[in-house]
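Beneath this line is the structure, given in structure tokens, with notes to follow.
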Amino acid sequence: MAIGLIIIGDEIMSGKRSDQHFPNVVQILKERGLQLDWARYLGDDPDRIVSVLKESFATPDIVFCCGGIGSTPDDHTRRCVSIAVGKPLELHPEAKIKIVERIAETAKDPNHIDYDSPDNIRRLQMGEYPSGSKILPNPVNRIPGFSYGTHYFVPGFPQMAKAMIEWALDTYHQSLFHQTEYAEKSVVVYGAVEAKMTPLMEKIEGLFPAIRVFSLPHMGKTRLSNYVELGVKGHPEKLDEAFSMLVAGLDEIGAKYQLGDK
């Protein structure tokens with residue numbers, strides 16, 4: 001079971017808004033000893049959304065999908081999920097209660113509310129999910145998100161999405177928290193050419209299947225200010241041995257490096 005993230009919205013794809021969902025989700029997962037395995041960014045194209053959802057629903061993955069569950073014409077996610085899973089949209093009874101509560105809270109005159117007005121009908125449509133869905137509580141404005149299987153659909157507003165994703169993980173997936181021990185160690189290698197270090201990296205990964213080697217190059221303003229953060233990550237049991245081999249290998253090729261912080 002992998003963990004995936006789908007972020008939907010033309011405003012993200014055009015650069016009109018900066019995405020906050022990705023860093024939020026990475027941090028939420030990290031706090032629970034989990035990590036993100038894949039992510040997709042999509043515009044407001046229903047056909048493409050359906051295609052990606054069909055692909056993800058065919059897996060056992062836990063997937064968080066941010067955006068497109070409102071009531072405006074460019075909010076396609078609810079209907080796209082319905083098509084992808086082959087289930088009709090229906091007004092969820094718990095969602096209806098929450099939305100009605102929100103309507104009453106924001107009404108100018110709570111004693112005279114027309115729940116059949118066009119505006120309120122559109123608001124209630126936000127509680128229409130594919131048959132068999134569950135609601136995701138929204139602590140910000142009561143309007144729920146929903147889940148279908150291990151897919152969780154939340155609004156595009158980052159502050160709402162963050163709280164709802166945390167709730168989904170803590171409610172349905174606590175058994176996965178901190179199941180995999182993980183650590184990493186790295187050095188900063190100055191003036192390094194990655195091609196010269198590649199054989200060393202391949203050797204370490206070949207000898208330590210539970211360890212992955214990473215290389216993060218940084219390009220400075222001059223050749224002398226270039227450096228590579230080179231390290232190992234994975235199960236702590238083998239990490240020290242792999243790291244020792246990494247340092248010894250750098251010594252063999254005469255690399256200039258610094259342990260710890262840059």
Side-chain angles (χ1 to χ4, degrees), residues 1-13 15-44 49 52-53 55-70 75 77-78 80-81 84 92 94-95 98 102 126 129-130 133-186 212 214 216 229 231 233-236 239:
M1 180 182 289
I3 300 178
L5 174 64
I6 300 172
I7 299 166
I8 296 174
D10 282 348
E11 68 279 6
I12 300 293
M13 303 304 292
K16 189 172 184 178
R17 284 191 178 177
S18 174
D19 170 49
Q20 297 179 42
H21 296 296
F22 185 91
N24 282 349
V25 170
V26 168
Q27 183 60 34
I28 290 168
L29 294 173
K30 185 177 181 180
E31 290 168 357
R32 292 159 176 78
L34 303 170
Q35 69 177 27
L36 189 65
D37 295 286
W38 58 266
R40 299 284 296 271
Y41 285 85
L42 304 174
D44 296 314
I49 295 170
V52 170
L53 287 173
E55 180 182 333
S56 67
F57 273 117
T59 74
D61 293 357
I62 296 170
V63 178
F64 299 102
C65 183
C66 305
I69 63 171
D75 288 313
T77 302
R78 288 179 292 106
C80 289
V81 178
H92 193 287
E94 292 178 71
K98 297 296 183 183
R102 178 62 178 173
M126 289 190 287
Y129 315 134
S133 298
K134 298 179 181 179
I135 68 165
L136 297 178
N138 183 342
V140 178
N141 71 355
R142 293 183 183 269
I143 309 298
F146 69 98
S147 65
Y148 191 93
T150 56
H151 281 54
Y152 302 91
F153 298 89
V154 299
F157 297 101
Q159 63 271 36
M160 295 183 190
K162 183 176 185 294
M164 296 163 79
I165 290 171
E166 289 175 331
W167 184 90
L169 284 167
D170 294 343
T171 302
Y172 296 117
H173 301 292
Q174 273 201 24
S175 62
L176 301 178
F177 294 0
H178 303 287
Q179 291 297 303
T180 302
E181 293 188 76
Y182 174 88
E184 67 177 54
K185 285 186 174 183
S186 64
R212 295 172 66 182
F214 63 90
L216 302 174
E229 183 184 359
K233 58 185 178 181
H235 198 284
L239 195 72

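Of the inter-residue distances, the one linking Leu42 atom CG with Met13 atom CE reads 7.0 Å to the nearest 0.5 angstrom. For the atom pair Asp44 CG and Cys80 SG, the distance stands at 9.5 Å (nearest 0.5 Å). Cys66 SG to Phe153 CZ: the interatomic distance, rounded to the nearest 0.5 Å, is 10.5 Å. Within the model, atoms CE of Met1 and CG of Leu176 stand 6.5 Å from one another, a figure rounded to the nearest 0.5 Å. Atom NZ in Lys233 sits 6.5 Å away from atom CD in Glu184 (nearest 0.5 Å). Between the CD1 atom in Ile12 and the CZ atom in Phe22 there is a gap of 13.0 Å [rounded to 0.5 Å].
With sequence neighbours excluded, the residues satisfying side-chain contact (heavy atoms from CB on, under 4.5 Å) with Asn141 are Arg102, Asn138, Ile143, Met160. For His235, there are no ring pair (Phe, Tyr, Trp, His ring centres under 6.0 Å) partners, not counting sequence neighbours. In this structure Asp37 satisfies the side chain to side chain donor-acceptor pair (under 3.5 Å) test with no other residue, sequence neighbours excluded. Under the side chain to side chain donor-acceptor pair (under 3.5 Å) criterion, Lys134 pairs with no residue, sequence neighbours left out. For Pro158, the side-chain contact (heavy atoms from CB on, under 4.5 Å) test picks out Gln20, His21, Asn24, with sequence neighbours left out. With sequence neighbours excluded, the residues that form a side-chain contact (heavy atoms from CB on, under 4.5 Å) with Leu216 are Phe214, Glu229. Remark: Glu55 pairs with Arg40 by the side-chain contact (heavy atoms from CB on, under 4.5 Å) rule, at least two apart or across chains. Remark: Phe64 engages Tyr152 in a ring pair (Phe, Tyr, Trp, His ring centres under 6.0 Å) (not counting sequence neighbours).
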- Kindly indicate, with the supporting measurements, whether the criterion side-chain contact (heavy atoms from CB on, under 4.5 Å) is fulfilled by Cys65 and Ile8. CA-CA 7 Å; Cys65 183; Ile8 296 174; 3.6 Å; yes

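For residues 17-27, there are no salt bridge (Lys or Arg N to Asp or Glu O under 4.0 Å) pairs, not counting sequence neighbours. The stretch residues 149-159 participates, sequence neighbours left out, in no salt bridge (Lys or Arg N to Asp or Glu O under 4.0 Å) pair at all. Listed by first then second residue, pairs satisfying salt bridge (Lys or Arg N to Asp or Glu O under 4.0 Å) with a partner in residues 142-158 read Glu101-Arg142, Glu105-Arg142, not counting sequence neighbours.
When each of Leu136, Ile69, Ile135 is checked for a side chain to side chain contact (heavy atoms under 4.5 Å, CB included) with Pro144, only Ile135 meets the rule. Of the residues listed (Phe57, Tyr172, Tyr129), the one engaging His151 in a ring pair (Phe, Tyr, Trp, His ring centres under 6.0 Å) is Phe57, and it is the only one.
Side chain of Arg78 to backbone of Gly70: a donor-acceptor contact under 3.5 angstrom is found. For Ser133 (side chain) and Tyr148 (main-chain N/O), no donor-acceptor pair under 3.5 Å exists by modelled atom type.
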Show me the side-chain donor-acceptor pairs of residues 162-171 shorter than 3.5 Å, one per line, residues at least two apart or across chains.
{"residue": "Lys162", "atom": "NZ", "partner": "Glu166", "partner atom": "OE2", "Å": "3.0"}
{"residue": "Asp170", "atom": "OD1", "partner": "Arg32", "partner atom": "NE", "Å": "2.8"}
{"residue": "Asp170", "atom": "OD1", "partner": "Arg32", "partner atom": "NH2", "Å": "3.4"}
{"residue": "Asp170", "atom": "OD2", "partner": "Arg32", "partner atom": "NH2", "Å": "3.2"}
{"residue": "Thr171", "atom": "OG1", "partner": "Trp167", "partner atom": "O", "Å": "2.7"}

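Here the side chains of Leu5 and Tyr41 are not in contact, with every heavy-atom distance at 4.5 Å or above. No side-chain heavy atom of Val25 sits less than 4.5 Å from a side-chain heavy atom of Ile3.
Minimum interatomic distance between Val154 and Ala161 (heavy atoms only, all atoms of both residues): CG2-CB, 3.6 Å. The shortest heavy-atom contact between Ser56 and Ile6 is OG-CD1, 4.3 Å.
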